[in-house]
Number of protein chains: 2
Amino acid sequence: MDTNDEMIKIQNCMHDAGFKLTFQRQAIVKVLLDHHQEHLSAEEIYIELLKQSFSFGLATVYRTLDILTEMNLLTRVSFEDGIARYDLRTEDRRHFHHHLICTQCGKTVEIHQDLLIDVEKLVAHQYHFEVSDHRLTFLGLCADCQRKKALGDVSHR
Amino acid sequence: MDTNDEMIKIQNCMHDAGFKLTFQRQAIVKVLLDHHQEHLSAEEIYIELLKQSFSFGLATVYRTLDILTEMNLLTRVSFEDGIARYDLRTEDRRHFHHHLICTQCGKTVEIHQDLLIDVEKLVAHQYHFEVSDHRLTFLGLCADCQRKKALGDVSHR
DNA sequence: CTCTATGCAAAGGTTTTGCACTACC
DNA sequence: GGTAGTGCAAAACCTTTGCATAGAG
């Protein structure tokens, strides 16, 4: 689905839920769509808007993110730094989206592949838990840092 | 492994790393051990200490948690509320520990079963990522809320 | 006895809120 | 035109830090 279609879809959702389509909200949704792989925080979205010469309040960003989260169009994710980040949650991306975080350099990579179909079935049966979504994050070393570590082990010590 | 053994093990770790075994730190570790299934936040630990008639600073709790986290005896986990919570990370619990969060009542259940052995192998090969740990959380409806929802659908609407 | 750990309070950073003003529907 | 949304600043919240004091090794 292209960005424009998704834009319209999200706007329709908001409209149907009785929210007004303000200029600010549209700009925020656009930033989210344009950066949907990056897990922006509220402040990063705000800075992105400033770059685009929009200048409106950080509070509005938070309020819009709250609305989208409430409507289940957006998911709040927290990594280890205590800052809330946001993931767009469009149908075709749902369930196909996990994170790899490098503990060395901090880089976050998204993987788009559903690895948990079987695991979810097991959880549903064994724990009587009706799964609607999941969060899966792997911590470890990315390829770059594995290489650096191997080199470091040779040159030092 | 019983609580006392773990207590001693953790104290040895701290001692070996050159940290002093103060009364406060021992009390905090004890709270963590006694509540190891509950993912306490710093403040909840502090309140638990108050209940036990210890009265020392919240800053000390944070500092102790930082030390334990740095030593990899503890893992910081963040759920969606933006408050840092902590999981003890003793050897036999590592990798056998995921969360089920009910989106209705907010209840969190731990499951102790490694569901990800195969998935980790796949990630290692396919993405050249050396996995050292993982976080897996399922969101959905717990058995109770499934039941309530079923009843509600009948009585209302 | 030394150096680390503590307690308190103040500062820091992120998020929320109150209120007057604006603008969408 | 009425109501929901905005901006600003202040508050609230969780966490960290500075500094004088206390206590472990």
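Please read these numbers as outputs of a predicted model, since none were measured by experiment. Below, read A as the first sequence line, B as the second, and so on, with proteins coming before strands; counting in each chain starts at 1.
- A side-chain donor-acceptor contact under 3.5 Å links B/Arg85 to the backbone of B/His39.
- Rounded to whole Å, the distance from CD1 on A/Ile47 to C1' on C/dG13 is 13 Å.
- Here the side chain of B/Arg135 pairs no donor or acceptor atom with the backbone of A/Thr137 at under 3.5 angstrom.
- Shortest non-hydrogen contact noted between B/Val61 and B/Leu49 is CG2-CD1, 4.0 Å.
- Looking at A/Gln146, its side chain does come within 3.5 Å of a backbone N or O of B/His128 through a donor-acceptor pair.
- Here the side chain of A/Arg25 pairs a donor or acceptor atom with the backbone of A/Lys20 at under 3.5 angstrom.
- Comparing C/dG7, C/dT14, C/dT15 against the side chain of A/Glu43 picks out C/dT14 as the nearest.
- Look at CG on A/Leu50: it is 11 Å from P on D/dG7, rounded to the nearest Å.
- Between the P atom of D/dT15 and the CD atom of B/Glu70 lies a distance of 17 Å, rounded to the nearest Å.
- More than 12 heavy atoms of other residues, nucleotides or ligands shown are found within 6.0 angstrom of CD on A/Gln52.
- For the pair A/Cys13 and A/Met71, the tightest heavy-atom approach, listed with the atom from each and the gap, is O-CE, 3.2 Å.
- Look at OH on B/Tyr46: it is 14 Å from P on C/dT6, rounded to the nearest Å.
- Rounding to whole angstrom units, CD1 of residue A/Ile67 and C1' of C/dC24 are separated by 14 Å.
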Show the distances under 3.5 angstrom between N or O atoms of the protein and N or O atoms of nucleotides 21-25 of chain D.
| residue | atom | partner | partner atom | Å |
| --- | --- | --- | --- | --- |
| D/dG23 | N2 | B/Lys20 | NZ | 3.4 |
| D/dA24 | N3 | B/Lys20 | NZ | 3.4 |
| D/dG25 | OP1 | B/Leu21 | N | 3.2 |

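- The minimum heavy-atom distance between B/Val77 and B/Tyr86, with the atom names listed, is CG2-N, 4.4 Å.
- For the segment residues 54-66 of chain A, residues with any heavy atom less than 4.0 angstrom from an atom of DNA chain D are, sorted by number, A/Phe56, A/Gly57, A/Ala59, A/Thr60, A/Arg63.
- Computed from coordinates, the A/Asp81 CG to D/dT16 P distance equals 12 Å when rounded to whole Å.
- To the nearest angstrom, P of C/dT15 lies 13 Å from CG of A/Leu40.
- The shortest distance between the side-chain N/O atoms of A/Gln24 and the OP1/OP2 oxygens of D/dG7 is below 4.0 Å.
- Taking each heavy atom of B/Gly140 and A/Ser132 in turn, the nearest pair found is CA-OG, 3.5 Å.
- Nucleotide C/dA5 holds its P atom 14 Å from the CD atom of B/Gln26, rounded to whole Å.
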